[in-house]
There are 2 protein chains.
Amino acid sequence: MDRDKKISTAVIRRLPKYYRYLKELLRKGIYKTSSKELSQMTGFSASQIRQDLNNFGGFGQQGFGYDVYNLSSEIGKIIGADKNYKIIIVGAGNIGQAIANYTGFYENGYDVVAIFDKNPKLIGLSLRNVTIQDIDEIDTFLSQNYVDLGVICTPKNAAQTTADSMVQNGIKGIWNFAPTDIRVPDDVALENVHLNESLFSLTYYYNKNTTKAD
Amino acid sequence: MDRDKKISTAVIRRLPKYYRYLKELLRKGIYKTSSKELSQMTGFSASQIRQDLNNFGGFGQQGFGYDVYNLSSEIGKIIGADKNYKIIIVGAGNIGQAIANYTGFYENGYDVVAIFDKNPKLIGLSLRNVTIQDIDEIDTFLSQNYVDLGVICTPKNAAQTTADSMVQNGIKGIWNFAPTDIRVPDDVALENVHLNESLFSLTYYYNKNTTKAD
DNA sequence: TAGATTGTTAATCGATTAACAATC
DNA sequence: TAGATTGTTAATCGATTAACAATC
């Protein structure tokens, strides 16, 4: 397999879904599956599933199918689900708190090691045993503690400076919930969750379905 | 323009971003723009922007560009940003609370008219003046109140029954935050926000950048 | 072995980019 | 008018689907 083959983001976005269904099969005690079965579960075509998986190697066995445990383990490695991550959250408003309190995080190897905010009313409070610190402490904290990922839950006007601060302190992955586009160097992974845009996409289809064509 | 021309979801997902930047231009008092300028702001190619917009009509003027107010208003109509929506939230845990408390909602014409949960500790509490009701009341409530959109913030095992209940009571748009796939009829708009999958996508690129190639 | 299902190449489809005539 | 920029067609690129030889 060509190490440097360019994998499209469309492929990458399907992998977590495969992973989710494979984990579900394991929970049900099912240890064998096929691209056809995965197709029925995920809604993606069997052909596409085989193409996707073969970007990363031949995980199946001709004539047989896929070993669920093996395949989920391989996909887990690809998407990084096999690792633990130290995370900081900047912005302890609605979304920041929701992220900090989300237990799925802890179960999946994500460890929130610090939370920052600039609101004095929030500083000093704790979410899941992590005390909210003054945002002014972020540089000091990051210079003393290794952190994998930063989550931006600030208002949009603070998003870019927050990102800059993370980048300057060596963070290489940013999950951005602020409703704005931020700029980061090429070697920093960035994933945006733009809820506003998601909602407008919903209302587009909602109106398309409900508005009478005259 | 062909009324029934199929517009790809890729196009639809770009529209809110155009809308966001156009609103920003208006705030800055800029009333004229071009596909070239929009390209610099959004990162999409000028050609693509013109193609996208011309799916819905000729909003520009040859030799001149686009009137910002007019274009934002037209895009707003397309994505439904010009309307108000009555919303219910089911599940008042971390995410449900964050959504309910999100003020951007109210500013943009979204009105949370009811919140439901099954946890007795939450029932009776209020978020932004909306009292959390027992989930068992949902059918009664929906039979008596018109609601546009339903937001699912339940654990995954309750997501499908929640969706079914919304659909049976005539809700035509669902915003799903539960980490599972739900099935709805074709005439119901569905938008999934799968944070787990978003996070795995981030860790994929994070590991790709940070893991040394040997 | 025969049947099943992968891995992979080839064909198709759709989306993006390029080019340019229209026109303000 | 000349310059600028759209709207739109054509060309290119990439992603998905189809097909099938390999093989368990």
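Chain identifiers are assigned alphabetically (A, B, ...) following the order of the sequence lines, protein sequences preceding nucleic acid strands; residue numbering begins at 1 within each chain.
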Any [X] side-chain nitrogen or oxygen under 4.0 Å from OP1 or OP2 of [N]:
X: A:Y66; N: C:dA4; value: no
X: B:R14; N: C:dT16; value: yes
X: A:Q61; N: D:dC24; value: no
X: A:S45; N: D:dT17; value: yes
X: A:Q62; N: C:dT5; value: no

Does a side-chain N-to-carboxylate-O contact under 4.0 Å join [X] and [Y]?
X: A:E197; Y: B:R20; result: yes
X: A:K77; Y: A:D82; result: no
X: A:D148; Y: A:K83; result: no
X: B:D187; Y: B:K172; result: yes

Which listed nucleotide ([options]) is nearest to the side chain of [X]?
X: B:Q51; options: C:dA15, C:dT23, C:dA18; value: C:dA18
X: B:S35; options: D:dG7, D:dT6, D:dT17; value: D:dT6
X: A:R50; options: C:dT8, D:dT6, C:dA19; value: C:dT8

Just how far, in rounded Å, is [atom2] of [N] from [atom1] of [X]?
X: B:D52; N: D:dG7; atom1: CG; atom2: P; result: 12 Å
X: A:K36; N: D:dA18; atom1: NZ; atom2: P; result: 15 Å
X: B:F56; N: D:dT8; atom1: CZ; atom2: C1'; result: 16 Å
X: A:D67; N: C:dT5; atom1: CG; atom2: C1'; result: 15 Å
X: B:F59; N: C:dC24; atom1: CZ; atom2: P; result: 18 Å
X: B:N54; N: C:dT16; atom1: CG; atom2: C1'; result: 15 Å
X: B:I49; N: C:dA15; atom1: CD1; atom2: C1'; result: 15 Å
X: B:Q48; N: D:dT9; atom1: CD; atom2: P; result: 18 Å

Practice task
With a 3.5 angstrom cut-off on both distances, give the Watson-Crick or G-U wobble partner of C:dC20, or none if there isn't one.
Solution key: D:dG7
Handout entry: N/O donor-acceptor pair, side chain B:S8 with base C:dA15, under 3.5 angstrom
Key = no
Exercise for the section: May I ask you to say what A:F44 touches in the nucleic acid, namely base, sugar-phosphate or nothing, with a heavy-atom cut-off under 4.0 Å? Expected result: nothing
Practice task
Assign B:S34 to base, sugar-phosphate, or nothing according to its heavy-atom contacts below 4.0 angstrom with the strands shown.
Solution key: sugar-phosphate
Handout entry: Heavy-atom check, side chain of B:V151 versus side chain of B:F177, under 4.5 Å
Key = yes
